2 protein chains.
Amino acid sequence: MPIELTASQALGLWHGVSLDQVRHDDRDLTLRQMAILLHIYLVPPPHTVRGLAAELNVTKPVITRALDTMGEMGLVDRVRDASDRRNVLIKRTVGGALYLEKLGDRVREQGRKL
Amino acid sequence: MPIELTASQALGLWHGVSLDQVRHDDRDLTLRQMAILLHIYLVPPPHTVRGLAAELNVTKPVITRALDTMGEMGLVDRVRDASDRRNVLIKRTVGGALYLEKLGDRVREQGRKL
DNA sequence: TGCATTCGTTACGCCTGCGTTCCATTTTCC
DNA sequence: GGAAAATGGAACGCAGGCGTAACGAATGCA
């Protein structure tokens, strides 16, 4: 179900959410970290470091470090793949789900304000 | 004219735009820089360093540095206020307008894909 | 005229993310 | 078994943003 936005609405929405996020500054994620987090939660598993790097068009260490940071924040979790122990599977957490739930609310709220 | 989004649509939209932005990585702005840029272009002038700092709930040097960076990118411009020479007025540029136009297109495109 | 106030900027030390390169572990293939 | 490939991570130096604390310039006010 497509959403049709005017140019003004599109930028207004992005503005409102960014502003809200900056003002309340809970934990600010890099745009890259945000993209990684959303990818993990919105795209069906499994997710590996290599796969994410390819998907986002960034280098592997970028993913590793993002997982370090977001792991400490409790937003994601890492588990060794039992069937191929070279792989690391990225898993979702309750904290991450809550974080994205709040983000979604922010987007919806700003959408309503347009 | 409010836009009603489901939770899934809201996150999907944010995901798509973030992903697109990361992948094409022209120039990546901090969330703060993004919020400042959008504020300058969407809220009626005049804009001062002090005003933006208060509006975004950040310190003054944050604004100064963001203007330095985005100024070098050609996204904003600074002009001394003639009537009160302590003030600096932040001006829009063609480059900034083009940048935000692209961002708006990205948001609209992702909205259509929902 | 003096002096306090306001405004934007700069200086400092710190922290974090970045790309490149290299490495240990594990798997695959012969 | 042993060589080669694949995977995630660590080490290195670099660049840039951060908060705090100062500063010079401009203004207002007694």
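Worth saying up front: this structure is predicted, and the values here are computed from it rather than measured. No hydrogens, no waters, no symmetry mates; every other heavy atom, side chains included, goes into these values.
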Contact check, side chains of [X] and [Y], non-hydrogen atoms, under 4.5 Å:
{"X": "B:V17", "Y": "B:L103", "answer": "yes"}
{"X": "B:D20", "Y": "B:H24", "answer": "yes"}
{"X": "B:L52", "Y": "B:I40", "answer": "yes"}
{"X": "A:V88", "Y": "A:R80", "answer": "yes"}

State which residues pass salt bridge (Lys or Arg N to Asp or Glu O under 4.0 Å) with [X]; sequence neighbours excluded, sorted by chain then number.
{"X": "A:D84", "result": "A:R86"}
{"X": "A:D81", "result": "none"}
{"X": "B:E4", "result": "A:R112"}
{"X": "B:D77", "result": "none"}

[N] phosphate, OP1 or OP2: any side-chain N/O from [X] under 4.0 angstrom?
{"X": "A:N87", "N": "D:dG8", "answer": "yes"}
{"X": "A:R32", "N": "C:dC18", "answer": "yes"}
{"X": "B:T64", "N": "C:dG8", "answer": "no"}

Q. Can you list, by residue number, the residues of residues 49-56 of chain A that have a non-hydrogen atom closer than 4.0 angstrom to DNA chain D?
A.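 A:V49, A:R50 - these, ordered by number, are the residues of the stretch whose heavy atoms sit under 4.0 Å from the strand.
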
Q: Pull out every residue in residues 34-47 of chain A that has a heavy atom closer than 4.0 Å to any atom of DNA chain D, ordered by number, or say none.
A: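 Listed by number, there are none.
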
Q. In chain order, what residues pass the side chain to side chain contact (heavy atoms under 4.5 Å, CB included) check against B:L31, with sequence neighbours excluded?
A.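 A:S18, A:Q21, A:V22.
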
Q) How would you list all residue pairs meeting salt bridge (Lys or Arg N to Asp or Glu O under 4.0 Å) that involve residues 32-61 of chain B, not counting sequence neighbours? A)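 Checked against salt bridge (Lys or Arg N to Asp or Glu O under 4.0 Å) - neighbours excluded - the pairs reaching residues 32-61 of chain B are A:R23-B:E55.
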
Atom pair distance, as rounded to whole Å: [atom1] in [X] and [atom2] in [N]:
{"X": "B:D68", "N": "C:dT9", "atom1": "CG", "atom2": "P", "answer": "7 Å"}
{"X": "A:L31", "N": "C:dG17", "atom1": "CG", "atom2": "P", "answer": "14 Å"}
{"X": "A:L67", "N": "D:dT7", "atom1": "CG", "atom2": "C1'", "answer": "14 Å"}
{"X": "A:M73", "N": "C:dT16", "atom1": "CE", "atom2": "P", "answer": "9 Å"}

Q | B:T93 to B:Y41 - nearest heavy-atom pair and separation | A |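 Minimum heavy-atom separation between B:T93 and B:Y41: N-OH, 2.7 Å.
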
**Q.** Qualifying residues under ring-ring contact (aromatic ring centres under 6.0 Å, His included), relative to B:H39, sequence neighbours excluded
**A.**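 A:H15.
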
What does the list of N/O pairs under 3.5 Å between the protein and nucleotides 13-16 of chain D look like, with a distance for each?
none

Q: Quick one: name the residues clustered hydrophobically with A:L98, using the 4.5 Å side-chain heavy-atom rule over I, L, V, M, F, W, Y, and just say none if it's on its own.
A: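 In the cluster with A:L98 are A:V94.
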
Enumerate all atom pairs, one protein N or O and one N or O from nucleotides 20-30 of chain C, separated by less than 3.5 Å.
unit_1: C:dT27; atom_1: OP1; unit_2: A:R85; atom_2: N; d: 3.1

